[in-house]
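Chain A is the first sequence line, chain B the second, and so forth, proteins listed ahead of strands; every chain is numbered from 1.
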There are 2 protein chains.
Amino acid sequence: MASEAIENYLKAIYSLSRESPTGEAGMKSIATMTGVTVGTASTMVKRMAAAKLVKYERFGGVRLTAKGDRAAIDVQRRHRLIETFLVQTLKLDWSIVHAEAERLEHAVSSAVLEALAIHLHHPCVDPHGDPIPDADGKTHVGRGAALATFAPGSRVRVARIADQRPAFLSFVAEHGLRPGAKAVVAATGSAAQSITVQATGCAAVTMAIAAAESIICETA
Amino acid sequence: MASEAIENYLKAIYSLSRESPTGEAGMKSIATMTGVTVGTASTMVKRMAAAKLVKYERFGGVRLTAKGDRAAIDVQRRHRLIETFLVQTLKLDWSIVHAEAERLEHAVSSAVLEALAIHLHHPCVDPHGDPIPDADGKTHVGRGAALATFAPGSRVRVARIADQRPAFLSFVAEHGLRPGAKAVVAATGSAAQSITVQATGCAAVTMAIAAAESIICETA
DNA sequence: CCACAAAGTTTGACGGTTCAAACTTACAAG
DNA sequence: CTTGTAAGTTTGAACCGTCAAACTTTGTGG
Ligand SMILES: [Mn+2]
Ligand SMILES: [Mn+2]
Ligand SMILES: [Mn+2]
Ligand SMILES: [Mn+2]
């Protein structure tokens, strides 16, 4: 249906509007996220509007239509199932699978995708802890809060890592903080803007609050 | 490196020149195989010549350079490993995997490809019996002859099916003639242009000589 | 209220891939 | 030879996705 480029815009608009209070995405952020100039994003969004994938008016925010939303979720399902496959079946390192999935997500047919889902026993989260929508586009997942928000002494379970950069993912894994791991918040240095956390079986590690914002946890 | 379109031309030129006595491919056949008009093929071949992937002169045949040959073999390795994966790991029907691989072959990185090769234990033939080049582009495979060339009474082993059309592949599988199967040539009707063959454990089937040209066998 | 910065839009251009249609070349059959 | 046909080439146009650069709008701080 949608071209590879359009699918990438869809994902960007989807995730940007998800975390914007207005529920709309701005051209600047769409452009940044897709790695394109603002002029290009503007041009493409207009084209997507013509295809009824988004609604927007000049100088206003961009919002996915029901059709665009569904299409975005489909791409997300493909992306996350592929990541899961690359880690579980092919044993690739979780720090690099995001980039690989970024290309493959546009090449898998629904036949291959469903075979993949069966092969993996219909997983509901990907290697980073992100929820995998089911074939109908529905996602059932419990939330969580940034590690940064937990008080010293809290026992937590890592649920999700919200930063796909390989270096960050390697760092996180290095200290035992993969999704599913249990950890305890050892200390928070408010002046130092830091937090110290220890995963079970690992040495304690101190990181910036900003970094801890990307580690989503639940109370264990 | 090469675009998706160029990779498809490379494969077409590779296989066409392989089975041409001159070792060269004609524009018409390149166009037909890639599903494009001959004008387009002409344009693209000129561009490929500029990229040193092929050598040719106006109104002459097209031939891959060493670089083009290597690139074509790489695509072929990707295609065939992917087909093998789709059949073996994902349990997709061998009659449809060619079409799926046709898209995926352009999206797998070498990291994914090698992980795939390891996962499949470095297979050397794909589900259709076609040889899979190794990572260095080398292919080690024994030949065979068309089923059509065997005399009545011959005991053969099916080595390869040289026709990717789903209907033909389903027909072949239906009668037990997958690669690896043993069969005996029951009769040849030269007047009827037909051949009757029986795979072990299956009923005999009669098909046109033309069809039997696509079933490559070895003496069993 | 105004000026200015930030965000957004438009335009003209380019590379890639494709088509249709007009044209040219090569070649084989008479 | 001549000539008809099959093969190949060229050209002009289109669409996609992109950029740079000129331009417009919005909204905020002074
Ligand atoms: Mn992508
Ligand atoms: Mn992920
Ligand atoms: Mn292909
Ligand atoms: Mn094959």
Side-chain angles (χ1 to χ4, degrees), chain A residues 1-13 16-17 19-64 68 71-72 75 102-103 105-107, chain B residues 1-13 16-17 19-64 68 71-72 75 102-103 105-107:
Chain A
M1 180 91 248
S3 69
E4 173 158 346
I6 297 286
E7 289 191 337
N8 288 332
Y9 288 102
L10 284 170
K11 279 203 313 182
I13 295 167
L16 286 169
S17 37
E19 57 207 41
S20 122
T22 67
E24 291 181 336
M27 281 303 165
K28 184 76 185 312
S29 10
I30 295 172
T32 303
M33 184 162 296
T34 53
V36 108
T37 63
V38 187
T40 300
S42 190
T43 302
M44 292 299 281
V45 164
K46 201 173 354 157
R47 201 175 298 179
M48 290 169 76
K52 301 262 194 261
L53 292 168
V54 301
K55 247 194 75 194
Y56 96 118
E57 47 211 31
R58 273 176 37 122
F59 299 102
V62 182
R63 187 188 296 273
L64 292 174
V75 183
E102 204 55 58
R103 267 168 301 114
E105 66 190 359
H106 312 290
Chain B
M1 183 89 250
S3 70
E4 173 156 348
I6 297 286
E7 288 192 338
N8 287 332
Y9 289 102
L10 283 170
K11 278 203 312 185
I13 296 167
L16 287 169
S17 36
E19 59 207 41
S20 124
T22 67
E24 290 180 336
M27 282 301 165
K28 184 76 187 312
S29 11
I30 295 172
T32 303
M33 184 162 298
T34 54
V36 109
T37 63
V38 37
T40 299
S42 189
T43 302
M44 292 299 280
V45 164
K46 200 169 359 152
R47 199 174 301 180
M48 291 169 77
K52 302 259 192 263
L53 291 169
V54 303
K55 247 193 78 195
Y56 95 118
E57 48 211 31
R58 276 176 34 121
F59 298 100
V62 181
R63 186 189 296 274
L64 292 174
V75 183
E102 204 56 56
R103 268 168 300 114
E105 66 189 357
H106 312 290

### Task
Heavy atoms only: give me the nearest V38(B)-A31(B) pair and the separation to one decimal.
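Heavy atoms of V38(B) and A31(B) come nearest at CA-CB, 3.6 Å.
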Are [X] and [N] close enough that a side-chain N or O sits under 4.0 Å from OP1 or OP2?
| X | N | result |
| --- | --- | --- |
| R58(B) | dA26(C) | no |
| K46(A) | dG8(C) | no |
| T37(A) | dC19(D) | yes |
| Y9(A) | dT18(D) | yes |
| T43(A) | dT9(C) | no |
| S42(A) | dT10(C) | no |

Given atom [atom1] of [X] and atom [atom2] of [N], what is their separation to the nearest angstrom?
| X | N | atom1 | atom2 | answer |
| --- | --- | --- | --- | --- |
| K28(B) | dA6(D) | NZ | P | 9 Å |
| M44(A) | dC16(D) | CE | C1' | 7 Å |
| E4(A) | dG16(C) | CD | C1' | 14 Å |
| E57(A) | dA7(C) | CD | C1' | 16 Å |
| Y56(A) | dA7(C) | OH | P | 17 Å |
| R47(B) | dT18(C) | CZ | C1' | 10 Å |
| M27(A) | dT24(D) | CE | P | 19 Å |

### Message
Assess whether a salt bridge exists between K11(A) and E102(A), defined as any Lys/Arg side-chain N lying under 4.0 Å from an Asp/Glu carboxylate O.
### Response
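Looking at K11(A) and E102(A), the cut-off is met.
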### Query
Is R103(A) salt-bridged to E4(A), going by a charged N under 4.0 Å from an acidic O?
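No, this pair does not count.
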### Query
So which one's nearest nucleotide on DNA chain D is more toward 5', G39(A) or F59(A)?
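Per heavy-atom nearest nucleotide, the more 5' residue is G39(A).
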### Query
Once you round to the nearest 0.5 Å, how far does CD1 of I30(A) lie from CG of L10(A)?
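Reported to 0.5 Å precision, the distance equals 10.0 Å.
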### Task
Scan V38(B) against the nucleic acid and name what it touches under 4.0 Å (heavy atoms): base, sugar-phosphate only, or nothing.
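Base contact.
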#### Entry: Modelled atom types, side-chain donor and acceptor of T40(A) and T43(A), under 3.5 Å
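Side-chain D/A pair, T40(A) to T43(A): absent.
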